[in-house]
Amino acid sequence: MDATVKTQDTNGSVTAPPSAMAGLQPFLHDAVVTLHAPSLVISRADGQLSGGADGFYHGDRRALSRLTVAAEDIALAPVHGGLRGADRADFRAILRGLGETTPDPVVGLHRRRSTVAGRLEEVFQVTNAGSEYVRFRLTVTVGTDLATMEQVKSGQILEAVTPHVADADGLGLTWTGDDFTAYLVSEPAPDTLQVPTGQLSYDVHLQPGTSWSVTLSCTAAYADGEQFPAPTAGQLPWRTPVLRSADRRLDRWLEQSLIDLDRLRLTDPKSPQEDQRDQFLAAGAPWFLTLFGRDSLWAARMLLPLGTDLAAGTLRTLARRQGAVTDPATEEQPGKILHEVRRGTLQIADQLSLPPVYFGTVDATPLWITLLHDAWRWGLSPQEVEQLLPHAESALAWMRDLADASGDGFLKYVDHTGHGLSNQGWKDSNDSIRYRDGRLARPPIALCEVQAYAYEAARGGAALLRAFGRPGADAWEEWAQNLATRFRKHFWVEDDHGPYPAVALGGDGRPADAVTSGFGHLLGTGLLNAEESALLATRLTGPDLNAGHGLRTLSSEAVGFNPYGYHTGSIWPHDTAIAVHGLVKAGFPDAADSLAAGLLTASAAFDARLPELFAGHGTEAGTQPAPYPASCRPQAWAAATPVLILRSALGLDADVPAGTVTIAPTFAHKFGPLTVTGLQVAGKPLEVTVAADGTSRVVAPDGLAVVQR
């Protein structure tokens, strides 16, 4: 049947209804998020896109803000809904009372969602399992405000954009704004299309035992193309491991995380070969679905046991954008690694305004150096490493010459623009760095973990320079030793529980003495001696930091502790995993086991898709953690966490230049018997088996000696 198109004249746009939530960041904890970067869909648990952050997004722009279905004069009762992998979801509902001759429901609506880069497909299928003929009108309502991601995140309520008929046949609708277009088509065509209100109506007639369906497809694109395109199908930059353990929670956690990581992949259009573009991981959906220096580096580092291709792509993508000049507006400096890249300026109210390419980070530069070093040890080819060494030398020089804002030998930061990030470590909220009494630290600020990153980077950089016959190795080892000496003198403080390093030095050079999860980032870097490491292992497993589901970012005994605080009491999975790995490297496997067990419990509570962060109430408040309502989910370094936990449990390390693979199972016996295949070192398969008694067997590539401890 040809569609009847109603095109009543309208003047201007349709105004969105007022909302009491205007100006507040939307919550996501009960949302269903399907993802295929740079696109994603956010909906309610019943599948409806109807308000808040709901929508189909592409490249940080909302292509659809409304996609709802209703049956005229019939109640839809949702009965089931959820993810199928990372990029698909389905939802079921009952059309209450329709065709029913017994108490059993008989007419069901099955809504299937598929998300690919630049395209959303939604299938509505109605099935009549009853014995009566039924007829009804099904109406799908669509619309959009074409909001930017920062407008959505800041809770702005925008006017809806007026749609237009997509083509002469009346098959769908289109919306256009600036350089962005969304196009929706229906197959079959609706019986009635009301253009101004975006209503597509279908007259459905169903004999017993029959079904009817309609497919809506929405495509979205920028006129000038994608900033960071999705990778070509089949070009996965890692080997997908298969884990079989006695604890199915661990297996499921790893499986779901790898599925999510697959769909967080983006490519660098500046790569020299268009058909082999460098890949990296976007930071997280929905707020940070783009290149973030720190996040992309940490995630690639955690995934090194799966191969070095992702690390190489991440390193090269960031190296192409490495700072070359001094620009106070963007905080660019020669040798510095950037913080984030956006299509346009990121404007959040009147408080934050970040340029499209922003360098306001103090830790991405040393993390870049360390990733290069670690990737080399895991088997990145010497040719690829050597091509990046000039960038490493520039990054090292930045640490020494430009990162010290006050001349005391510590890496520190200060926002000179007045509208950038006031804190420029991973805890970058403006209230995250504080004293024990709750006072906020003032810039320039030297973070404890950044000094550890710098120490590790200087040592790793020295190893690279020496291995490739470049000058400066001895000088960088001396620089690292001097940094450790200064750290020991200036950072360590004491409370009733004993000595510990302050979270930072404030602008006056005095320690900001809050007790935080930052301890975990120091362990295993070499910055601490054995006695200091033992002190921190004890502190990390204390009840004020270890909530039972992971590490609190701020001690529960501190003034200002808030279990819902973004960096002041919440739990971040990647933060805990870094501590687990550091504890294992420092020789404290029992402490590592305690923290890893908490994360495993949390993973089950979040259906194996751990969010960016969650609330830090602790197990004393309940067996399951409460969500942080606005958290990204999935998020790259949270999704990479189970790989680092597995590596820590196995005590797995590689030194391909030295010809060794090391296995030293720590708490792996808790999951035994355990077998993991599909790991990778030096580009070849690696297999590990751990028996229930803790004994291990390793199948390593030829040419690599297995060291078992």
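One is the number of the first residue; the rest follow in order along the sequence. Only this structure's heavy atoms are used, side chains among them; waters, hydrogens and symmetry mates stay out.
To the nearest 0.5 Å, the span separating SG on C448 from CG on L522 amounts to 4.5 Å. Put simply, CG on L367 and CG on L372 are 12.5 Å apart, with the number rounded to the nearest 0.5 Å. The line from CZ of R294 to CG of D363 is 4.0 Å long, rounded to the nearest 0.5 Å. With rounding to the nearest 0.5 angstrom, the CE atom of M149 is 10.0 Å from the CZ atom of F288. The distance from atom OG of S648 to atom CD1 of I578, rounded to the nearest 0.5 Å, is 10.5 Å. Taking CG of L545 as the start and CG of L554 as the end, the distance is 8.0 Å to the nearest 0.5 Å.
In terms of modelled atom types and a separation under 3.5 Å, the side chain of T641 and the main chain of W637 share a donor-acceptor contact. Although no hydrogens or angles enter the test, the distance criterion places no donor-acceptor pair under 3.5 Å between the side chain of R434 and the main chain of A441. In this structure, R488 contributes its side chain and T485 its backbone to no donor-acceptor pair below 3.5 Å. Side-chain atoms of Y564 do not come within 3.5 Å of backbone N or O of G569 as any donor-acceptor pair. Under the 3.5 Å distance criterion, the side-chain polar atoms of Q333 are left unmatched by any main-chain donor or acceptor of K336. Under a 3.5 Å cut-off, the side chain of R552 and the backbone N or O of P543 do form a donor-acceptor pair. The main-chain N or O of G565 is found under 3.5 Å from a side-chain atom of S570 such that the two form a donor-acceptor pair. Here the side chain of T576 pairs a donor or acceptor atom with the backbone of L551 at under 3.5 angstrom. No donor-acceptor pair closer than 3.5 Å links the side chain of T314 to the backbone N or O of A300. In this structure, T601 contributes its side chain and A597 its backbone to a donor-acceptor pair below 3.5 Å.
Using a 4.5 Å cut-off on side-chain heavy atoms (C-beta onward), L352 and H419 make no contact. Between Y358 and L421, the closest side-chain pair of non-hydrogen atoms falls below 4.5 Å. Using a 4.5 Å heavy-atom cutoff, the side chains of L338 and T361 are not in contact. The shortest distance between side-chain heavy atoms of F606 and P611 falls below 4.5 Å. No side-chain heavy atom of L583 sits under 4.5 Å from any side-chain heavy atom of L536. Side-chain contact between V515 and E557 is absent, with no heavy atoms from C-beta onward closer than 4.5 Å. Residues I445 and K412 form no side-chain contact, since every pair of their non-hydrogen atoms from C-beta on lies 4.5 Å or further apart. Counting only heavy atoms from C-beta outward, the side chains of R265 and P237 approach each other to under 4.5 Å.
Between the side chains of N562 and T568, not a single donor N or O lies within less than 3.5 Å of an accepting N or O. Of the N and O atoms on the side chains of K427 and T553, not one donor lies less than 3.5 Å from an acceptor on the other residue. Side chains of D247 and S245: a donor-acceptor N/O pair is absent below 3.5 angstrom, by distance only. Side-chain atoms of S555 and D544 form a donor-acceptor pair, as typed in the model, at a separation below 3.5 Å. Side-chain contact check for S517 and D575: at least one donor-acceptor pair (N or O, by modelled atom type) lies under 3.5 Å. Of the N and O atoms on the side chains of Q424 and D428, not one donor lies less than 3.5 Å from an acceptor on the other residue.
Taking the six-membered ring for Trp and thresholds of 30 and 60 degrees, H521 and H574 have ring planes more than 60 degrees apart, a perpendicular arrangement. Ring geometry for H567 against W572 counts as parallel: the plane angle stays under 30°, on a 0 to 90° scale with 60° as the upper cut. Using cut-offs of 30° and 60° for the angle between ring planes, the W479 and W476 rings count as perpendicular.
Residues that satisfy the ring pair (Phe, Tyr, Trp, His ring centres under 6.0 Å) test with Y628, not counting sequence neighbours, are Y566.
With respect to the salt-bridge test (charged N to carboxylate O, under 4.0 angstrom), the residues R248 and D251 qualify. The pair R342-E150 fails the salt-bridge criterion, with no side-chain N (NZ, NE, NH1 or NH2) lying under 4.0 Å from an Asp/Glu carboxylate O. The pair R263-D260 does not count as a salt bridge, with every side-chain nitrogen at least 4.0 angstrom from each carboxylate oxygen. With salt bridges taken as basic N to acidic carboxylate O contacts below 4.0 Å, none links D508 and R442. Between D408 and R486 there is no salt bridge, since none of the side-chain N atoms of the basic residue sits less than 4.0 Å from a carboxylate O of the acidic one. The pair R439-D513 does not count as a salt bridge, with every side-chain nitrogen at least 4.0 angstrom from each carboxylate oxygen.
In plain terms, the two heavy atoms of G155 and P26 that are nearest each other are N-CD, 4.4 Å. Closest heavy-atom contact between L396 and G461: CD1-CA, 4.3 Å.
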- Message: For L652 and L679: C-alpha separation, side-chain torsions, deciding distance, then whether side-chain contact (heavy atoms from CB on, under 4.5 Å) applies.
- Response: CA-CA 11 Å; L652 183 63; L679 300 175; 4.0 Å; yes
- Task: Evaluate ring pair (Phe, Tyr, Trp, His ring centres under 6.0 Å) for F487 paired with F410, printing each intermediate quantity in order.
- Result: CA-CA 8 Å; F487 185 91; F410 294 115; 7.1 Å; no
- Task: Determine, step by step, whether D653 and R709 satisfy the salt bridge (Lys or Arg N to Asp or Glu O under 4.0 Å) criterion, reporting the C-alpha distance in whole Å, the side-chain angles of both residues, the deciding distance to 0.1 Å, and the verdict.
- Result: CA-CA 11 Å; D653 200 7; R709 295 174 181 168; over 6 Å; no
- Message: Determine whether K585 and L523 satisfy the following criterion, side-chain contact (heavy atoms from CB on, under 4.5 Å), listing intermediate values before the conclusion.
- Response: CA-CA 7 Å; K585 290 178 67 177; L523 289 162; over 6 Å; no
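Both the sub-6.0 Å distance and the 45° axial angle are not jointly satisfied by R539 relative to the ring of F519.
Counting non-hydrogen atoms of other residues, nucleotides and ligands closer than 6.0 Å to CZ of R510 gives a total of 12 or fewer. Heavy atoms from other residues, nucleotides or ligands lying under 6.0 Å from CD of E531 number 12 at most.
Each of Y413, F292, W426, F359 was checked for a ring-ring contact (aromatic ring centres under 6.0 Å, His included) with H339, and the lone residue meeting it is F292.
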